[in-house]
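We count residues from 1, following the sequence as given. Just the heavy atoms: all of them, side chains too, but no hydrogens, waters or symmetry mates, feed the values below.
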Amino acid sequence: MKLINILTLGAFLCGTTAKAVDLPKDSTIYMLTVQMGKLYKSQTASRVGVHDPSIVPDRNTSTGITTYYVFGSHRGCGRSTDLHNWSGQSWNYGIPQANGSVTSTTNFQGVFTTNQTKTVPVLKNGEVVNVAFGNFDGQQWRYTAANPNLGGNQWAPDVIWNPHMKKWCMYMSLNGDNWRSVICLLTSSDITGPYIYQGPVVFSGFQWTDLPGQTYKETDLELVIGTQTSLPARYNIGGSWGRRWPNNIDPVVFFDEEGELWMAYGSWSGGIFMLRLNKENGLRDYTYTYSGISNNTDGVTSDPYFGRKIAGGYYSSGEGSYIEHIGNYYYLFVTNGGLGASEGYEMHYFRSAKPEGPYTDASGQTALYSRYYMNYGPNAATTAGMKIVGTHQWPGMRWAELSQGHNSVLLDADGRAYLIYHTRFNSGNEGFEIRVHQLFLNANGWLVASPFEFNGLNGQNSQYRQADIDSAAICTTNDIVGSYEIMLHPYKVDYANNAYSTPGTVFFKANGQITGDYYGTWRVKQNTSYITLHMRPKGTSTYTDYYGVILPQTVSLTNMTAISFTAISNAGVSIWGANVDGNYAVDYTYQNGFTLPVNARQFITDDIDLYANNTMYWGTTLSWKSDHPELLSDDGKLLVPYYQNGDSTTIVGLTYTLQKDNYACSYTRAVRVRTMKSLLHKAGDVNSDSVIDTQDALAIYQYMQTYSSDTDHATYEDVNADGSIDTQDILAIYQMMQEL
């Protein structure tokens with residue numbers, strides 16, 4: 001047996017704690033250290049805080065420029081020309097004067113007292129006739145003594161362009177207590193106003209009154225169902241209103257594929273309802289009737305006044321509905337949970353071939369409830385609806401996104417679709433901002449959201465449209481192979497404790513296998529960019545299929561490019577993945593996660609943790625190599641005792657390598673090891689019998705005894721920590737050598 005230096009024994013017994021991806025040297029691209037710190041660059045975006053953002057494009061046909069506006073609660077508004085950078089925007093109300101002029105004002109007092117629409121077409125005895133509309137004081141209707149402030153109760157307006165009216169139509173929620181709310185229509189020739197009150201669209205809370213003499217007769221109820229001697233019993237149900245009927249806020253208005261105008265509305269309470277509107281005046285269509293009435297149960301699905309119920313019910317959570325037609329379906333989004341940072345806001349969606357439904361998810365679950373369900377948080381009793389996005393934090397995000405919801409959706413003129421929502425953060429306060437992510441359809445016609453923010457209409461990797469996904473393999477197999485940060489958006493998140501998803505790591509192999517934190521397979525449909533993932537989490541046995549798209553993206557607020565996938569299972573769970581280009585990943589880590597643990601020419605006096613205080617990002621790995629592993633091992637173990645006045649000083653080169661896929665950066669730092677020359681002698685097979693045996697071990701023991709009086713050395717192999725090298729220590733040495 002060859003002589004073994006006892007001082008290398010630890011090096012054999014201790015392996016490195018991290019390794020770079022094992023690639024042939026001739027395939028690895030080594031970046032120079034002078035290049036590091038210059039490739040990755042952070043970027044900024046102008047933000048706005050608009051709660052419950054409803055997006056609408058204003059296309060200037062003469063300049064070709066589209067300006068995108070988001071309108072939100074409490075008169076919040078923002079604008080953008082690239083869907084990435086936003087600025088604050090104001091808009092005005094208008095109050096008509098007796099002389100025909102309009103006073104423009106930001107003061108909402110008096111705006112909702114006198115409606116401008118005077119007659120409306122109504123169906124009477126099978127014929128359509130024009131009747132007097134009357135006057136409806138929306139501000140007075142929503143008033144309650146405990147909640148008198150209209151300023152804080154103008155919630156979630158939705159704005160559309162009505163080509164029949166040639167007007168911008170704003171549908172504004174005026175919220176009151178005890179479900180006594182009203183959605184009003186205001187119109188303007190300019191998107192920023194002044195908006196003039198045309199009339200109410202729908203009231204709620206008929207049975208509750210605060211003001212003397214106030215009754216349901218101050219609403220348009222009788223215009224729909226005829227004159228009544230008293231409030232119909234089905235509406236006079238006290239505190240049960242919230243189980244059966246809607247709270248009339250959160251409107252979304254849209255034209256269907258046949259050109260008819262609809263409005264969905266409602267928050268928690270009896271669910272989300274839908275009315276057909278008159279496209280000629282923007283108000284309710286009083287000529288359209290609703291069948292299938294259920295008058296005496298909380299399971300009502302249709303009502304002559306409130307219209308058709310399309311989602312929720314029984315006071316289950318659900319609000320902020322939004323409907324957009326994309327591809328072959330109408331997609332209904334509903335946000336469940338509470339809007340606070342720790343209250344569980346999350347967006348679910350369903351689809352239908354018809355605007356009025358029925359709306360279902362991919363597993364066939366209906367958007368309508370048959371009883372009360374807890375439908376968010378860790379104790380959720382149902383997972384109905386496809387969860388498009390969840391709480392999460394990618395590397396580089398300052399704060400995790402929490403409480404995402406009350407979204408809108410834009411199908412733009414160029415064929416791209418976008419998800420727009422507000423989000424809070426784990427920053428310790430209730431501040432909020434809007435975010436925009438591109439939407440795609442998977443091969444089964446279900447929507448998936450891009451893993452990163454949309455980076456602008458002229459931004460890098462922003463050119464892809466659904467037609468590109470359908471018709472071409474945007475990414476080759478060579479593009480796809482590599483290390484991915486992967487993030488799941490599950491149901492039943494512990495929002496109360498601000499739980500959120502962070503990435504794991506998987507490796508996509510060229511043969512279609514997936515390894516790492518998930519095991520399974522990946523495949524891309526030929527001549528398309530549709531991807532299917534068949535995976536199970538490491539340590540489990542149940543596989544799930546996720547269907548999505550794969551394409552290049554730019555990581556939010558950076559210049560880093562990545563091959564990214566977004567997919568969703570038939571159970572409604574979304575999953576994201578990003579394979580950041582290796583050169584960017586290495587440089588990002590170099591700038592943000594890596595610090596050298598030793599100084600140049602530092603004397604090493606004890607073991608050093610070469611991996612301490614270092615965080616690897618985007619699949620980057622860290623490895624170390626010592627050029628004198630018999631003195632200082634690859635993982636920082638000092639294998640000789642340090643002597644301040646030693647007679648031997650050796651320069652040791654410690655080389656680190658940061659690597660992601662085929663990109664790497666290496667650098668050598670010289671440190672010093674000082675010890676006694678006598679400790680560098682070889683020991684081992686003293687009797688030359690080619691076996692490490694007890695005689696060899698005894699010689700090593702006697703050799704080490706020579707230095708046992710030195711406190712630094714006494715504990716070198718002092719396995720029983722008694723302050724001396726004894727037979728128990730040498731037995732341990734012998735056993736270690738035997739294992740070799």
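- In terms of heavy-atom proximity, G340 sits nearest to S403 at O-OG, 3.0 Å.
- Contact annotation: the side chain of L261 approaches that of N162 to within less than 4.5 Å [non-hydrogen atoms, C-beta and beyond].
- Note on ring orientation: taking the six-membered ring where Trp is involved, the planes of W576 and H392 are perpendicular (angle over 60°, cut-offs 30° and 60°).
- N497 places no side-chain N or O within donor-acceptor distance of the main-chain N or O of A499, the cut-off being under 3.5 Å.
- Counting heavy atoms from C-beta on, the side chains of C169 and L185 come closer than 4.5 Å.
- With values rounded to the nearest 0.5 angstrom, I55 atom CD1 is found 11.0 Å from N407 atom CG.
- Note: H51 and H406 fail the aromatic proximity criterion, with ring centroids not under 6.0 Å apart.
- Side-chain atoms of N442 never come within 3.5 Å of backbone atoms of G548 as a donor-acceptor pair (strictly under, hydrogens ignored).
- At least one side-chain heavy atom of L277 sits less than 4.5 Å from a side-chain heavy atom of Y171.
- Defined by atom type and a distance below 3.5 Å, a donor-acceptor pair is present between the side-chain atoms of E485 and T505.
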Q: Decide yes or no on side-chain contact (heavy atoms from CB on, under 4.5 Å) for T566 and V549, but give the supporting numbers first.
A: CA-CA 6 Å; T566 172; V549 302; 3.8 Å; yes

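- The nearest pair of heavy atoms linking P503 to Q393 is CD-O, 3.7 Å.
- Remark: the backbone N or O of D412 is not paired with any side-chain donor or acceptor of Y418 at under 3.5 angstrom.
- Ring planes of W522 and F508: parallel class, angle under 30° (limits at 30 and 60°).
- Contact record, E356 with I310: O-CG2, 3.5 Å, taken as the closest heavy-atom pair.
- Here D285 contributes atom CG and E260 contributes atom CD; the two are 8.0 Å apart, rounded to the nearest 0.5 Å.
- Atom NZ of K509 is surrounded by 12 or fewer heavy atoms from other residues, nucleotides or ligands within 6.0 Å.
- Counting non-hydrogen atoms of other residues, nucleotides and ligands closer than 6.0 Å to CZ of F255 gives a total above 12.
- Classification of the H534-Y543 ring pair by plane angle, with boundaries at 30° and 60°, yields parallel.
- Taking the six-membered ring for Trp and thresholds of 30 and 60 degrees, W262 and Y288 have ring planes more than 60 degrees apart, a perpendicular arrangement.
- For the atom pair N498 CG and W399 CH2, the distance stands at 11.5 Å (nearest 0.5 Å).
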Q.
With side-chain contact (heavy atoms from CB on, under 4.5 Å) as the criterion, how do Y369 and T382 come out once you've worked through the C-alpha distance, each side chain's angles and the decisive distance to 0.1 Å?
A. CA-CA 10 Å; Y369 290 158; T382 178; 4.1 Å; yes

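- The distance between the ring centers of Y376 and Y495 does not fall below 6.0 angstrom.
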Q: List the steps and the verdict of side-chain contact (heavy atoms from CB on, under 4.5 Å) for Y265 and F306.
A: CA-CA 10 Å; Y265 65 98; F306 292 113; 3.5 Å; yes

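- Within 6.0 Å of CZ on R523 lie no more than 12 heavy atoms contributed by other residues, nucleotides or ligands.
- Remark: D298 engages R244 in a salt bridge, criterion side-chain N to carboxylate O under 4.0 Å.
- The side-chain heavy atoms of L488 and Y546, taken from C-beta on, include a pair separated by under 4.5 Å.
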(Q) If you apply the rule side-chain contact (heavy atoms from CB on, under 4.5 Å), what do you find for V409 with F333, and how did you get there? (A) CA-CA 9 Å; V409 173; F333 285 82; 3.5 Å; yes

**Q.** side chain to side chain donor-acceptor pair (under 3.5 Å) assessment of S269 paired with W179
**A.** CA-CA 9 Å; S269 303; W179 304 280; 3.0 Å; yes

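- Among residue pairs with one or both ends in residues 332-355, those qualifying as salt bridge (Lys or Arg N to Asp or Glu O under 4.0 Å) are E346-K387; sequence neighbours excluded.
- To the nearest 0.5 Å, atoms CZ (F432) and OG (S427) are separated by 12.0 Å.
- With R424 as the fixed residue, the salt bridge (Lys or Arg N to Asp or Glu O under 4.0 Å) test singles out one of E433, E401, E430: E430.
- Put simply, the residue from F206, F203, Y290, W245 that forms a ring-ring contact (aromatic ring centres under 6.0 Å, His included) with Y305 is F206.
- Using a 30° and 60° split on the angle between ring planes, F254 and Y330 fall in the tilted class, from 30° to 60°.
- With contacts defined as side-chain heavy-atom distances shorter than 4.5 Å, the pair F565/I575 qualifies.
- A distance of 7.0 Å separates CG in L221 from CG in L231, rounded to the nearest 0.5 Å.
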Q. Does the pair Q404 and T423 meet the rule for a side chain to side chain donor-acceptor pair (under 3.5 Å), with working shown?
A. CA-CA 4 Å; Q404 306 133 303; T423 181; 4.7 Å; no

Q: Evaluate the side chain to side chain donor-acceptor pair (under 3.5 Å) criterion for residues N375 and S317: first the C-alpha distance (whole Å), next the side-chain angles of each, then the deciding distance (0.1 Å), finally the verdict.
A: CA-CA 7 Å; N375 58 5; S317 86; 2.6 Å; yes

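- Using a 30° and 60° split on the angle between ring planes, W241 and Y235 fall in the tilted class, from 30° to 60°.
- Rounded to the nearest 0.5 Å, atoms CE (M487) and OG1 (T391) are 9.5 Å apart.
- For the pair R142 (side chain) and N175 (backbone), a donor-acceptor distance under 3.5 Å is present.
- Counting heavy atoms of neighbouring residues, nucleotides and ligands inside a 6.0 Å radius, atom CG of D414 exceeds 12 of them.
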